Novice: 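What follows is a single structure, and I will ask about it in a moment.
When a residue number appears, it is its place in the shown sequence, counting from 1. The structure presented is a predicted model; accordingly, all values stated were derived computationally and were not measured.
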Amino acid sequence: IFSHHGVPALFSHSFFKMQTDLEAGKSNGSMAALTQSSHRTFRLPWKLYETPFEELLNHKYAGSGTEEDPYLVEWLPNDVENSLTWSSAYKWYITFLVAVATLSVTLASSAYAGGIQSIAIQFPATTVILTLGVSLFVLGFAFGPLLWAPLSEVLGRRNLFIVTYALFTFWQGVTIAAKNTETLLVFRFLAGFFGASPLVNSGGTLADMFSAKERGLAVAVFAAAPFLGPALGPITGGFLGMTSGWKWVIGYLTIFAGVVLIVGVLTLPETYAPVLLRWRA
């Protein structure tokens with residue numbers, strides 16, 4: 001099992017057997033092979049810190065390794081994979097990244113309004129109907145968190161961010177291909193539904209990395225993003241809507257989200273301790 005604030009889970013059978021063999025002195029050759037293998041393992045670009053495999057094997061875990069008394073997987077002293085021990089510069093980079101991801105979502109909520117006049121030319125409808133593109137996007141913020149918040153504590157912050165942000169980017173992009181008003185509005189709702197993920201999970205990412213004493217400043221800096229997006233949206237969206245049409249408004253939002261997605265896939269690490277310890281177990 002692993003331990004993070006008293007949360008238990010089962011140890012993997014393979015690791016359990018390996019630890020048992022090591023204690024019994026039966027796998028000196030196996031340990032050497034595993035050590036060599038660990039050095040050959042490809043280092044994931046988003047995993048900046050990695051605890052040496054030898055340290056994980058040699059650490060004395062609490063428990064006897066039986067079903068009744070399994071090993072207790074916990075952080076090693078000064079464990080580099082523990083997000084609380086990461087460097088301040090790295091923590092602030094991640095804070096900036098999740099803030100920009102949130103900015104992209106909130107920007108998309110209001111920038112659409114700048115293209116409504118252009119949309120009305122292609123899809124004849126009343127302004128009230130076309131304004132639903134904003135309302136339904138924000139309505140997605142109401143339903144999305146009901147699913148994404150609890151899932152982030154099961155799947156992890158990183159995995160959920162990548163999946164939901166990819167779908168947010170996708171629904172943004174396909175909005176350009178909408179053939180009628182109804183399709184346009186449905187796509188806007190789906191974009192808001194999946195885009196709600198960074199809004200609700202970024203705070204959890206900050207709490208994973210910063211102690212209670214440091215968290216106030218990080219949250220204050222991050223909180224600027226959700227409020228800055230709706231302010232910048234009508235300005236950028238209005239300019240593009242008047243000069244290039246509504247499709248370029250959505251295209252610009254899709255490109256912005258796509259860039260953030262690529263950077264996130266390459267550099268955003270997992271920060272949630274129970275998930276990290278479960279992977280280790």
Side-chain angles (χ1 to χ4, degrees), residues 1-95 97-98 152-159 161 201-219 267-281:
I1 60 178
F2 71 85
S3 172
H4 175 71
H5 302 308
V7 180
L10 290 178
F11 221 135
S12 70
H13 176 71
S14 58
F15 197 96
F16 157 72
K17 185 178 185 302
M18 183 167 46
Q19 183 75 11
T20 303
D21 289 345
L22 286 172
E23 291 181 352
K26 297 178 181 178
S27 58
N28 292 332
S30 298
M31 182 174 182
L34 285 167
T35 300
Q36 293 175 1
S37 176
S38 68
H39 289 308
R40 292 195 298 267
T41 301
F42 175 71
R43 196 186 193 97
L44 297 169
W46 51 267
K47 198 170 184 180
L48 186 62
Y49 297 100
E50 189 170 3
T51 304
F53 192 60
E54 299 89 332
E55 292 185 15
L56 298 178
L57 286 178
N58 295 329
H59 181 71
K60 297 298 181 182
Y61 296 96
S64 58
T66 64
E67 291 186 4
E68 295 76 17
D69 184 25
Y71 287 117
L72 186 69
V73 180
E74 56 191 353
W75 291 124
L76 277 58
N78 301 316
D79 200 316
V80 295
E81 291 186 18
N82 183 355
S83 56
L84 289 171
T85 66
W86 293 346
S87 69
S88 295
Y90 191 49
K91 291 180 182 179
W92 280 106
Y93 165 74
I94 297 170
T95 301
L97 179 57
V98 297
S152 73
E153 303 201 350
V154 177
L155 303 176
R157 317 285 192 206
R158 171 184 163 81
N159 290 339
F161 171 85
N201 292 325
S202 295
T205 299
L206 301 185
D208 294 338
M209 299 186 299
F210 292 96
S211 65
K213 293 182 180 180
E214 305 171 310
R215 199 173 300 154
L217 179 60
V219 172
T267 65
L268 183 67
E270 179 55 59
T271 60
Y272 191 45
V275 169
L276 289 169
L277 289 172
R278 186 166 67 243
W279 289 351
R280 176 177 294 186

Novice: Look up atom OG in S87 and atom CH2 in W92, then write down how far apart they are to the nearest 0.5 Å.
Specialist: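 Here the rounded value is 12.5 Å.
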Novice: If we count only N and O atoms by modelled type, under 3.5 Å, do the side chains of T267 and Y93 hold a donor and an acceptor together?
Specialist: yes
Novice: Can you list everything that forms a side chain to side chain contact (heavy atoms under 4.5 Å, CB included) with T51? Sequence neighbours excluded, please.
Specialist: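 Scan of T51 (side chain to side chain contact (heavy atoms under 4.5 Å, CB included), adjacent residues dropped) gives E55, L56, L76, D79, V80, E81, R280.
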Novice: Do Y49 and T85 have side chains that approach each other closer than 4.5 Å (heavy atoms only, starting at C-beta)?
Specialist: no
Novice: Locate the shortest heavy-atom distance separating F161 from L268; write the atom from each residue and the value.
Specialist: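 So the two residues come closest at CD2-CD2, 3.5 Å.
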Novice: What's the spacing between E50 CD and L44 CG if we round to 0.5 Å?
Specialist: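 Between atom CD of E50 and atom CG of L44 there are 7.5 Å.
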Novice: Using the side-chain contact (heavy atoms from CB on, under 4.5 Å) definition, which of the options N201, V219, T271 pairs with L206?
Specialist: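 Among N201, V219, T271, the one that satisfies the side-chain contact (heavy atoms from CB on, under 4.5 Å) with L206 is V219.
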Novice: Restricting to non-hydrogen atoms, name the atom on E270 and the atom on R158 that form the minimum distance, rounded to 0.1 Å.
Specialist: OE1-N, 3.0 Å
Novice: Nearest 0.5 Å, please: how far is OG1 in T205 from NZ in K91?
Specialist: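 Taking NZ in K91 and OG1 in T205, the distance rounds to 13.0 Å.
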Novice: Report the distance from atom CG of L217 to atom CZ of R215, rounding to the nearest 0.5 Å.
Specialist: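 Interatomic distance, L217 CG to R215 CZ, rounded to 0.5 Å: 13.0 Å.
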Novice: Quick one: do T95 and M209 satisfy side chain to side chain contact (heavy atoms under 4.5 Å, CB included)? Show the steps, please.
Specialist: CA-CA 9 Å; T95 301; M209 299 186 299; 3.9 Å; yes
Novice: Please round to the nearest 0.5 Å and tell me the distance separating atom OG of S83 and atom CG of L276.
Specialist: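 Between S83 OG and L276 CG, I get 7.0 Å after rounding to 0.5 Å.
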Novice: Taking all heavy atoms of L277 and all of E74, pick out the closest pair and write down the distance.
Specialist: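 Answer, listing the atom of L277 first, then E74: CD2-C, 4.0 Å.
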Novice: Quick check for you: to the nearest 0.5 Å, what is the distance between W86 atom CH2 and L48 atom CG?
Specialist: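 Those atoms lie 8.5 Å apart.
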Novice: How close do S152 and Y272 get, counting heavy atoms only, and between which atoms?
Specialist: O-CD2, 4.1 Å
Novice: My understanding is that only residues two or more places apart in sequence, or in another chain, count here; which of them pass ring pair (Phe, Tyr, Trp, His ring centres under 6.0 Å) with W46?
Specialist: none
Novice: On a heavy-atom basis, which atom in Y90 and which in P269 lie closest, and how many Å separate them?
Specialist: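 Answer, listing the atom of Y90 first, then P269: OH-CG, 3.3 Å.
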